[in-house]
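Below: one structure, written as structure tokens.
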Amino acid sequence: MLLLLAASPVAGQPARKHDLARRVLPADRTTRVPLRQPTAGQLREFREQHEFHYVEVKSEQSGWDLFMARLWHWLGELLQTRGGKVVWEYGIYALLVVLLVFVVLKLMQVDITRALGRAPRRSPLLYDTAAEDIHALDFNALLGEAEAAGNYRLAVRLGYLFVLKQLTDQGLVQWQPDKTNHDYLRELSAGTLRPAFRELTQQFEYVWYGEQNDLSAAHYALARDARVAFQRQLATTRHAA
Amino acid sequence: MENTPLPPSSSADEILPVTPSDTTEATPEPAAAFAPRTDLSRLSRHAEAIRQELGKVIVGQHALAELLLTAILADGHVLLEGVPGVAKTLTAKLLARTLAVPFSRLQFTPDLMPSDVLGTAVFLPNKAEFEFRPGPIFASIVLIDEINRAPAKTQSALFEVMEERQITQDGTRYPMTDPFVVLATQNPIEQEGTYRLPEAQLDRFLFKLHVGYPTMEEEVAILQGHHAGFGGTALEKVQSVMTADDLRELRQQVQRQHVEPKLLEYIARLVGQTRVHKGLYLGASPRASLALLNGAKALAALRGRDFVTPEDVQYLAPHVLRHRILLTPEREMEGHTADDVVKQIVQLIEVPR
């Protein structure tokens with residue numbers, strides 16, 4: 001009984017599927033298919049849209065592309081040689097190590113100019129030193145103008161800068177804009193020049209930093225005499241040297 | 001340096017003479033011609049007297065004594081930093097003793113409360129009202145020992161009094177007496193139980209002074225003095241040599257010091273550079289510029305001048321700036337200090353001349 005029940009409906013299903021697969025539907029040639037075409041307005045709209053603007057890219061090589069292509073070709077040939085293979089194998093690692101060291105030094109802000117035997121870089125001064133470049137000033141003319149105008153405070157300043165220039169020219173001090181007057185005084189070797197320069201420095205500081213705008217001609221004459229005496233002494237030192 | 005010959009114009013004989021009409025005046029004495037226009041003899045006498053009193057006990061530390069005097073004359077507070085045993089507290093106590101003004105001492109501890117410093121309102125049952133009881137901050141010279149042992153809450157209590165010389169309690173303003181100077185000490189090494197001072201408070205100190213070890217000769221002199229038995233009565237040997245009125249008068253004199261306009265620009269450039277320096281995370285405030293100016297004026301007066309020179313500014317720059325700037329972590333890891341950066345900054349700026 002069970003066998004009958006199992007055989008009758010299940011056995012019939014594969015046979016029906018097989019029949020359906022073999023059936024071929026006749027072509028429907030009677031139904032009219034409407035042909036739809038975009039209107040002229042729609043076409044115009046499509047043509048105006050950016051997405052439908054197809055431009056043919058010309059594949060012309062520039063001079064640079066040609067140069068690079070040849071370079072790569074030459075490099076490729078070079079690297080095929082025995083020496084080239086060695087360089088490719090080890091040189092690339094050496095380059096990476098150098099690059100890594102450079103990056104580390106840069107991150108640590110290490111000035112490597114000293115290691116290369118050069119003087120370490122000095123940061124640029126924030127001041128505009130052009131106006132105070134003692135080597136570019138015509139002190140005689142400027143002193144004459146200041147004295148003629150009765151601006152003795154300025155004359156004392158110019159006279160002091162003049163002395164600093166002469167000391168620098170003779171190599172007795174190293175001119176540097178960030179140095180104070182007392183730095184120069186300390187730089188001068190012990191001798192007769194130092195006390196005289198100390199006196200000049202004191203006079204300059206009293207007059208210039210002390211804002212002695214009303215310096216009299218008699219006071220200025222004292223300062224000028226001291227300066228001229230120092231300059232004579234300096235000239236003697238130079239001749240003796 | 002190349003030894004180039006002098007140009008013809010540099011000959012001393014070619015210097016243009018002063019016009020004859022100018023030289024008709026009586027020639028002044030050279031020594032008097034360039035003497036200070038302001039009489040600083042009183043200030044010098046007082047300063048010398050204080051130095052001598054300090055010298056009775058403190059061996060060496062001349063630069064420290066000069067800077068402390070500078071701060072007192074510039075109306076500024078001082079933070080003394082040094083390892084234990086280098087006479088930070090003793091120096092501050094002695095300095096306070098040389099001035100005939102009220103003095104109080106505060107030992108900062110982790111459990112110290114703001115009211116322990118400033119004072120508190122106490123309820124009086126018989127009057128049925130509150131009465132303000134001033135704290136130890138109400139003195140002319142206040143020594144705060146181990147200032148970094150109190151937490152930020154207590155440090156904050158000092159903000160108003162250090163800057164505005166007053167405290168406000170329950171809406172009432174209590175001004176400090178003039179002079180009012182805070183001398184604080186701290187140990188740079190100890191970490192356990194200490195707190196870093198807030199930047200706002202550090203900025204209120206005119207100077208942060210490093211108190212270093214004495215030299216070998218100085219240490220021998222210390223031992224000799226101690227061996228002679230003078231250690232125990234050190235404070236008794238020091239006398240008051242300046243009153244509050246004297247100090248106020250000298251401060252006014254310091255305020256009138258001449259400062260060439262280019263020097264003001266120089267100070268502004270120095271401080272401004274701390275704000276753009278790539279090695280600094282935090283630059284100095286305009287209060288630092290004012291501190292540098294006031295300090296330089298006082299230092300110049302102490303050195304017998306009635307005008308400020310770039311030397312004064314350069315000398316004080318590390319003491320004024322070191323506690324007001326913060327290094328970037330990279331610079332700290334490289335082992336740089338604030339003093340190194342200040343030195344670099346000083347080298348960057350041209351001296352006005």
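Naming: A, B, ... by sequence-line order, numbering from 1 per chain.
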Note to self: Can you confirm whether B:Gln344 is buried at CD, in the sense that more than 12 heavy atoms of other residues, nucleotides or ligands lie under 6.0 Å from that atom?
What the structure shows: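 Yes, enclosed.
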Next item on the list: Inspect the surroundings of CZ in A:Phe52 and state if more than 12 heavy atoms from other residues, nucleotides or ligands are less than 6.0 Å away.
Entry: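 Correct, the count exceeds 12.
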Interchain contact, [X] with chain B, by part (heavy-atom threshold 4.5 Å):
| X | answer |
| --- | --- |
| A:Asn181 | both |
| A:Phe204 | side chain |
| A:Ala155 | neither |

Checklist line | Taking every non-hydrogen atom, the tightest pair across A:Asp178 and B:Ile349 | finding: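 It is CB-O, 3.6 Å.
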Note to self: Strictly less than 4.5 Å between heavy atoms, which residues of residues 306-317 of chain B line up against chain A? Please order them by number.
What the structure shows: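 Those residues of residues 306-317 of chain B which have a heavy atom under 4.5 Å from chain A are B:Phe307, B:Val308, B:Thr309, B:Pro310, B:Glu311, B:Gln314.
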Note to self: Just verifying a value: how many Å separate A:Lys179 NZ and B:Glu350 CD, rounded to the nearest 0.5 Å?
What the structure shows: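 Answer rounded to 0.5 Å: 13.0 Å.
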Notebook entry, point to check: A:Asp65: what forms a side-chain hydrogen bond (donor to acceptor under 3.5 Å, both in side chains) with it, not counting sequence neighbours?
Noted result: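 A:Asp65 satisfies side-chain hydrogen bond (donor to acceptor under 3.5 Å, both in side chains) with A:Ser62 only.
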Item checked: For A:Tyr209, the option from B:Arg353, B:His258, B:Arg305 that meets side chain to side chain contact (heavy atoms under 4.5 Å, CB included) ->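 Per the side chain to side chain contact (heavy atoms under 4.5 Å, CB included) rule, the option paired with A:Tyr209 is B:Arg353, out of B:Arg353, B:His258, B:Arg305.
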